[in-house]
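Everything on this sheet refers to the single structure shown next.
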Amino acid sequence: MKIGILTSGGDCPGLNSVIRGAVLNGVISHDTEFVGFRWGWKGVVEADIMPITRHDVRGLSKQGGTILGSSRTNPYEGEGGGPENIQRMLDEHGIDAIIAIGGEGTLTAARRLYDEGGIKVVGVPKTIDNDLAATDYSFGFDTAVEIATEAIDRLRTTADSHGRCMVLEVMGRHVGWIALHSGMAGGAHAILIPEQPQSIEQICEWVESVRNRGRAPLIVVAEGFTLDSMEEAHSHKGLDAFNRPRLGGISEQLAPIIEERTGIESRATVLGHIQRGGAPSAYDRVLATRLGMAAVDAVYAQAWGSMVTLRGTDIETVSIADATHSLNRVPQHRYDEAKILFG
């Protein structure tokens, strides 16, 4: 059997570990041949293919990024797009199945290709936001939280030196898992997430409470957070390939308002793509490797249109539709738990 692998959407620590796990399991257990599609779905649409051998994945698990490259290409666009053209390309190159490693957009496209054209595809969940349903955790999340927590630790020392309020913005379009976990780990005085709009009055109340105790306030905010007076998340960077607003900059909106209302000098820091870069944590390397190995097993089980997933400590297989029909949001009880620590 010949399997094609792609990595699509935003890059993520652990992508190379998935590729390595898949190739090693396929070669050792099934004598599988592998190829990679360069630049995600773009490589599928344009038939941009490279061989992947056991030698190519040697020592790959500790390497960040993806050796295949990634993009936010829609596989239904372009001359080679759509299930009929993609199936024709697969037949021409003798490729029997696709392992698609990606987030909500990638997996939704994969499921649609299977439903509408019978493309033999198995998904692997990838998102540092941890926003995919039907999996307890996705690889990359642990690494992103570690990076954000280190940033909080560093911001705390400079904030204490000047008595400033620091507002750290982390990723999280629709869900606030990175903000919640890093904020709790770093001892943030307020955590602002998309699931829980807050008033500027409440935020300033938390900030002033911290100042009154002789501390320098530190706030963690997810990029998708909205004040209760806002109709949508802050965006000034246009749209991505899936016509979604590119978020970022809410911290730069909040910091001057906090300074104006409280009189506390305030600074904003947008962590941005630093959260996506660098070597994956040990936890993410193990999880990603296991998911890659399981994806190959799912291909041989002909579990088309499915996704490998983490349930507890076990790797299982679920329908991609189960993972993409809703988001894995921070539940109320988890936020209430963290909120005890605010102010």
Side-chain angles (χ1 to χ4, degrees), residues 1 3-32 34 36 52-54 56-68 70 97-104 106-107 110-111 120-146 177-178 181 276 278-320 322-324 328:
M1 181 178 284
I3 299 175
I5 302 177
L6 65 89
T7 55
S8 182
D11 65 302
C12 174
L15 283 169
N16 284 325
S17 298
V18 179
I19 297 169
R20 175 178 174 272
V23 170
L24 291 181
N25 186 30
V27 170
I28 294 171
S29 302
H30 304 284
D31 195 27
T32 310
F34 287 91
I52 309 176
T53 66
R54 183 172 182 174
D56 294 323
V57 301
R58 184 174 60 185
L60 199 59
S61 63
K62 65 180 179 293
Q63 183 176 321
T66 165
I67 60 170
L68 297 178
S70 187
I98 295 175
I99 293 176
I101 311 167
E104 179 188 8
T106 301
L107 295 179
R111 179 70 190 194
K120 296 177 179 178
V121 61
V122 169
V124 178
K126 177 266 339 166
T127 164
I128 65 170
D129 290 350
N130 201 41
D131 60 356
L132 280 172
T135 186
D136 289 348
Y137 286 100
S138 54
F139 69 89
F141 171 68
D142 183 73
T143 305
V145 169
E146 288 290 336
W177 287 110
I178 295 176
H181 279 231
R276 292 193 180 279
S281 66
Y283 178 88
D284 279 339
R285 296 182 199 187
V286 172
L287 175 58
T289 300
R290 294 180 69 201
L291 290 171
M293 295 172 69
V296 170
D297 291 338
V299 167
Y300 276 90
Q302 299 184 24
W304 313 126
S306 71
M307 177 189 89
V308 291
T309 182
L310 179 69
R311 291 284 177 81
T313 58
D314 297 327
I315 304 296
E316 300 178 1
T317 302
V318 298
S319 168
I320 289 176
D322 292 340
T324 57
N328 176 31

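Below, all heavy atoms of this structure are taken into account, side chains as well, without hydrogens, waters or symmetry copies. Index from 1, following the sequence. Just so we're clear, the structure is a prediction, and the values are computed from it rather than from any experiment.
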What's the shortest heavy-atom distance between [X] and [Y], and which atoms?
| X | Y | answer |
| --- | --- | --- |
| Thr106 | Ala100 | CG2-CB, 4.3 Å |
| Ala110 | Val121 | O-CG1, 3.5 Å |
| Ser138 | Asp284 | O-OD1, 4.4 Å |
| Asn16 | Gly64 | ND2-O, 3.1 Å |
| Glu104 | Thr324 | O-CG2, 4.1 Å |
| Val122 | Trp304 | CG2-CE3, 4.2 Å |

Hey, what do you get for [atom1] ([X]) to [atom2] ([Y]), rounding to the nearest 0.5 Å?
| X | Y | atom1 | atom2 | value |
| --- | --- | --- | --- | --- |
| Lys126 | Leu15 | NZ | CG | 6.5 Å |
| Thr135 | Leu287 | OG1 | CG | 7.0 Å |
| Leu60 | Thr66 | CG | OG1 | 8.5 Å |
| Ile3 | Thr32 | CD1 | OG1 | 5.0 Å |
| Thr143 | Arg285 | OG1 | CZ | 8.5 Å |
| Asn328 | Leu132 | CG | CG | 8.0 Å |

Any donor-acceptor N/O pair, [X] side chain to [Y] backbone, under 3.5 Å:
| X | Y | answer |
| --- | --- | --- |
| Thr309 | Ala134 | yes |
| Asp142 | Tyr283 | no |
| Asp129 | Trp177 | no |
| Ser70 | Thr7 | yes |

- Query: Parallel, tilted or perpendicular: which fits the ring planes of His30 and Tyr300, with parallel below 30° and perpendicular above 60°?
  - Reply: parallel

- Message: Would Ile52 and Leu68 count as a side chain to side chain contact (heavy atoms under 4.5 Å, CB included) here? Give the steps.
- Response: CA-CA 10 Å; Ile52 309 176; Leu68 297 178; 3.9 Å; yes

Is any side-chain heavy atom of [X] less than 4.5 Å from a side-chain heavy atom of [Y]?
| X | Y | answer |
| --- | --- | --- |
| Met307 | Leu107 | yes |
| Ile101 | Ile19 | yes |
| Pro13 | Ile128 | yes |
| Phe139 | Leu310 | no |

- Take Ile28 and Arg54 through the side chain to side chain contact (heavy atoms under 4.5 Å, CB included) test and state the conclusion after the steps. CA-CA 9 Å; Ile28 294 171; Arg54 183 172 182 174; 3.9 Å; yes

- Message: Working note: Leu291 + Ile315, criterion side chain to side chain contact (heavy atoms under 4.5 Å, CB included); need CA distance, chi angles, decisive distance, verdict.
- Response: CA-CA 7 Å; Leu291 290 171; Ile315 304 296; 3.8 Å; yes

- Task: Could you list all the side-chain hydrogen bond (donor to acceptor under 3.5 Å, both in side chains) pairs where at least one residue sits in residues 17-29, not counting sequence neighbours?
- Result: Asn25-Ser29, Asn25-Asp297

- Here the salt bridge (Lys or Arg N to Asp or Glu O under 4.0 Å) pairs for residues 310-319, sequence neighbours left out, are Arg311-Glu316

- Item | Trace of the side chain to side chain contact (heavy atoms under 4.5 Å, CB included) decision for Phe141 with Thr127 | CA-CA 7 Å; Phe141 171 68; Thr127 164; over 6 Å; no

